[in-house]
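Please read these numbers as outputs of a predicted model, since none were measured by experiment.
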Amino acid sequence: MNVSMKNKKLNMWIKEVTELCQPDDIYICNGSKEEYALMIQKLLKSGIAIPLDKRPNSFLFRSDPSDVARVEDRTYISTSSKEEAGPTNNWMEPKELKNTMLNLYKGCMKGRTMYVIPFSMGPIGSPISKIGVEISDSPYVVVNMHIMTRVSDRVLELLGADGDFIPCLHSIGAPLAAGEKDSKWPCAPIDKKYISHFPEERLIWSYGSGYGGNALLGKKCLALRIASSVAKREGWMAEHMLILRLTNPEGKQYHIAAAFPSACGKTNLAMMQPSIAGWKCECIGDDIAWMKIGSDGRLYAINPENGFFGVAPGTSYSTNPMAMDTLKENVIFTNCALTDDGDVWWEGMDGDEPAHAIDWKGRDWTPESTEEAAHPNARFTAPASQCPVICKDWEKPEGVPIDIFIFGGRRSNVVPLVYEAYNWDHGVFLGATAASETTAANIGAVGNLRRDPFAMTPFCGYHMGDYFQHWLDMGDRLGDKAPRVFYVNWFRKSEDGKFLWPGFSDNSRILKWMCERIDGKVGAEETPIGLLPNEGDIDLNGINIPSDDMGELLRIDTDAWKAEIPDIENHFFKFGNRLPERLRKQLQEFKKRLG
Ligand code: OXD
Ligand code: MN
């Protein structure tokens with residue numbers, strides 16, 4: 001056993017889980033390259049990992065067709081009272097949920113090795129970082145955790161005998177009888193999957209799924225659901241936000257944190273390369289921001305993750321060249337198609353479609369096939385350090401000072417390209433009422449409009465009404481040092497269904513306008529929904545957007561906005577008396593402005 005295994009709580013927990021889950025073996029991870037290679041060897045030997053000739057040290061995995069995305073319906077926030085979990089979370093009484101899960105966990109690791117994975121979210125030893133230990137029976141989880149978090153025996157050293165950590169228990173829920181042949185992607189049926197959080201105890205129990213956020217427990221479970229509830233208690237913020245640094249031609253830096261729902265282009269914006277001369281953009285994180293008020297009164301953000309777990313379809317040299325360059329080696333691909341020359345492929349990649357490939361279900365695929373070659377939620381797991389535009393300060397323990405918050409979503413109509421909030425409370429109102437058309441990142445219908453406040457609906461570990469209040473409280477503490485708040489919609493379409501805005505690198509033009517607003521270089525038009533760019537203030541040099549399209553992109557249809565009001569009222573009604581009075585007031589003022 002590892003020499004640094006002296007933490008009492010950890011040793012007791014390992015003993016308990018071993019007795020409960022009855023694995024054949026226990027392996028304590030140290031995060032080394034050799035360990036990664038060992039796990040990959042194991043996965044290759046069992047035929048689960050497919051080596052990719054075209055990308056060194058990269059492998060393709062295919063999940064079970066029932067296990068392809070996060071399962072929000074099976075995700076629980078188990079607080080002692082239902083009220084504390086609030087209307088946006090599934091809730092079960094902790095004792096009842098634990099009993100159900102204990103029955104499932106009984107003997108669930110038979111025939112398998114139990115991996116103990118010590119990890120840090122955030123740079124090891126940073127005061128903002130948090131330590132977790134995941135116990136899992138999936139070697140696929142081990143290799144993904146190696147990339148997405150800092151797995152290291154230094155974490156155990158830091159824990160010492162008495163240090164605290166967040167226990168994250170995971171099982172794929174597929175014990176093996178003696179001599180039984182394993183399947184390629186063992187997992188439990190959907191009604192046996194549970195992704196459970198006990199925020200009062202800072203505990204995570206996940207059962208039955210091996211995919212992404214259901215199984216890599218440092219990400220959505222720890223860094224968002226548990227961290228958001230800890231952050232509320234401790235006075236900081238854990239948000240579903242990318243972080244980027246923008247530098248203007250004079251060398252002035254601006255730090256931006258942006259919240260969009262899953263699969264709405266966060267990774268693309270995080271790595272965007274400006275199409276406007278002299279501006280530079282560097283990536284700090286693409287999914288999660290932890291933010292604390294610094295000694296100078298400003299809000300500082302770190303990216304607690306160590307890698308990118310990005311949606312592959314749609315990623316290409318034209319949409320996100322920096323992501324493509326990040327993916328050249330040392331990458332895990334899941335549910336992408338396999339080409340005949342040993343590479344991965346997905347819909348939306350550059351160049352011609354392959355004449356033949358093996359689809360994500362392992363079947364022959366040709367362009368005539370009626371189904372997609374890659375699953376729409378196919379993913380890449382890649383080290384952040386490989387991104388050519390990773391900011392040199394991305395691991396700075398104290399983080400970077402945030403100047404701008406952006407909210408947004410996928411709306412084919414109504415919402416203009418960009419507008420600014422009148423003030424912090426109005427900004428919180430924009431975050432609280434954000435809506436987006438649903439995507440394949442969750443199992444469920446795609447394309448329905450849902451209110452997704454702060455892009456946190458699936459990730460807030462407590463009552464969302466209290467979360468709104470927390471945002472207002474943070475604003476009160478930040479005062480005039482609070483970031484300015486903007487709302488964007490890259491996805492507005494014309495009547496004949498075409499995207500009106502080119503997006504991607506041209507989104508830099510919108511970020512430039514925001515920076516110029518901050519510096520007081522440009523004015524804005526006061527409208528019922530917020531402050532809109534004046535004509536000519538968005539830099540369109542070098543692109544050709546017909547002025548009618550630009551007009552449509554910034555058009556405010558008062559009737560269409562009035563038609564949104566009942567939906568916003570229903571949305572707010574859900575939060576009952578926990579809806580902050582200040583948001584009720586914002587809604588009244590909005591209605592008044594609409595007339
Ligand atoms: C993600 C998600 O994987 O939001 O980042 O679903
Ligand atoms: Mn996400």
Side-chain angles (χ1 to χ4, degrees), residues 232 235-237 239 241 254-260 289 291 293-294 296-301 401-409 415-435 451 453-456 464-489 510-534 537-538 554 556 558 561 564-565 568-569 571-572 575 578-595:
K232 155 85 176 148
W236 52 282
M237 305 170 99
E239 300 296 332
M241 287 180 166
Y254 306 83
H255 293 99
I256 299 181
F260 305 127
M291 293 173 282
I293 299 180
D296 62 357
R298 298 183 70 190
L299 191 62
Y300 284 78
I402 298 298
D403 302 286
I404 291 171
F405 277 137
I406 306 178
F407 302 121
V415 180
L417 179 58
V418 61
Y419 57 108
E420 183 183 352
Y422 281 112
N423 50 44
W424 183 263
D425 279 19
H426 184 223
V428 176
F429 176 76
L430 298 186
T433 55
R451 296 273 153 206
F454 297 84
M456 280 289 277
M464 187 66 93
D466 294 350
Y467 169 90
F468 297 158
Q469 185 60 52
H470 183 47
W471 266 83
L472 294 166
D473 294 342
M474 289 298 291
D476 292 343
R477 284 172 59 203
L478 287 160
D480 61 5
K481 300 205 169 109
R484 294 263 283 266
V485 182
F486 295 83
Y487 199 99
V488 300
N489 175 26
I510 307 305
L511 303 191
K512 177 181 173 188
W513 178 73
M514 293 174 187
C515 297
E516 289 179 345
R517 284 289 301 152
I518 295 210
D519 292 340
K521 287 187 185 155
V522 289
E525 185 195 345
E526 289 188 18
T527 79
I529 68 162
L531 296 160
L532 258 82
N534 285 314
D537 278 349
I538 294 196
L554 294 173
I556 298 192
T558 313
W561 279 100
E564 297 260 312
I565 296 290
I568 295 177
E569 284 172 337
H571 166 63
F572 272 4
F575 305 109
R578 296 221 193 186
L579 181 77
E581 205 39 55
R582 280 155 72 178
L583 287 188
R584 248 184 261 280
K585 190 163 160 248
Q586 283 296 324
L587 178 57
Q588 289 319 318
E589 284 172 8
F590 181 39
K591 279 162 70 172
K592 238 193 272 157
R593 289 197 300 267
L594 284 170

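The shortest side-chain heavy-atom distance between M291 and M474 does not fall under the 4.5 Å cut-off. H470 places none of its side-chain heavy atoms less than 4.5 Å from the side chain of D466. No side-chain heavy atom of I556 sits under 4.5 Å from any side-chain heavy atom of E525. Taking 4.5 Å as the limit, some side-chain heavy atom of H571 sits within range of a side-chain heavy atom of P453. Two residues are said to be in side-chain contact when any heavy atoms from C-beta on lie closer than 4.5 Å; K592 and Q588 fail this criterion. In this structure the side chain of T433 reaches within 4.5 angstrom of the side chain of F572, judged on heavy atoms.
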Practice problem: List the steps and the verdict of side chain to side chain contact (heavy atoms under 4.5 Å, CB included) for R584 and L587. | Solution: CA-CA 5 Å; R584 248 184 261 280; L587 178 57; 5.8 Å; no
Quiz item: Where do M464 and F454 land on the side chain to side chain contact (heavy atoms under 4.5 Å, CB included) test, with the steps shown first?
Solution: CA-CA 10 Å; M464 187 66 93; F454 297 84; 5.5 Å; no
Exercise. Report the C-alpha distance between I406 and L511 in whole Å, list the side-chain angles of each, state the deciding distance to 0.1 Å, and finish with yes or no for side chain to side chain contact (heavy atoms under 4.5 Å, CB included).
Key: CA-CA 10 Å; I406 306 178; L511 303 191; 3.7 Å; yes
Exercise. List the steps, then state whether side chain to side chain contact (heavy atoms under 4.5 Å, CB included) holds for L594 with I565.
Key: CA-CA 10 Å; L594 284 170; I565 296 290; 4.0 Å; yes
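Counting only distance, with no hydrogens or angles, the side chain of W424 and the backbone of W471 share a donor-acceptor pair below 3.5 Å. Between the side chain of D403 and the backbone N or O of H255, at least one donor-acceptor pair lies under 3.5 Å. In this structure, R477 contributes its side chain and I293 its backbone to no donor-acceptor pair below 3.5 Å. Side-chain atoms of H426 do not come within 3.5 Å of backbone N or O of A421 as any donor-acceptor pair. When atom types are taken as modelled, the side chain of R517 and the backbone of V522 share a donor-acceptor pair closer than 3.5 angstrom. At least one donor-acceptor pair closer than 3.5 Å links the side chain of K481 to the backbone N or O of D296.
Nearest approach of E420 to V485, heavy atoms of both residues: CG-O, 3.5 Å. R298 and L478 get closest at one heavy-atom pair: C-CD2, 4.1 Å. Nearest heavy-atom pair, L532 versus V418, reported as atom, atom and distance to 0.1 Å: CG-O, 3.8 Å. Taking each heavy atom of N534 and G523 in turn, the nearest pair found is ND2-C, 3.5 Å. Nearest heavy atoms, D537 versus E516: O-OE1, 4.3 Å. Residues F407 and G427 share a closest heavy-atom pair of CE1-O, 3.6 Å.
Using a cut-off of 4.0 Å between Lys/Arg side-chain N and Asp/Glu carboxylate O, K585 and E581 are scored as not salt-bridged. Salt-bridge check for E564 with R451: passed, with a basic side-chain N closer than 4.0 Å to an acidic carboxylate O.
Counting non-hydrogen atoms of other residues, nucleotides and ligands closer than 6.0 Å to CD of E569 gives a total above 12.
For the atom pair CG (L472) and CD (Q586), the distance works out to 8.5 Å, reported to the nearest 0.5 Å. Note that CZ of F575 and CZ of F468 are 4.0 Å apart. Values are rounded to the nearest 0.5 Å. Residue M237 holds its CE atom at 6.0 Å from CG of L299, rounded to the nearest 0.5 Å. Between R593 atom CZ and I529 atom CD1 the span is 9.5 Å, to the nearest 0.5 Å. Note: L430 CG to F590 CZ = 8.5 Å, rounded to the nearest 0.5 Å. To the nearest 0.5 Å, atom CG of residue L417 and atom CG of residue N489 are 7.5 Å apart.
Ring-plane geometry between W561 and Y419 is classed as perpendicular, the angle between the planes exceeding 60 degrees on a 0 to 90 degree scale with a lower cut at 30.
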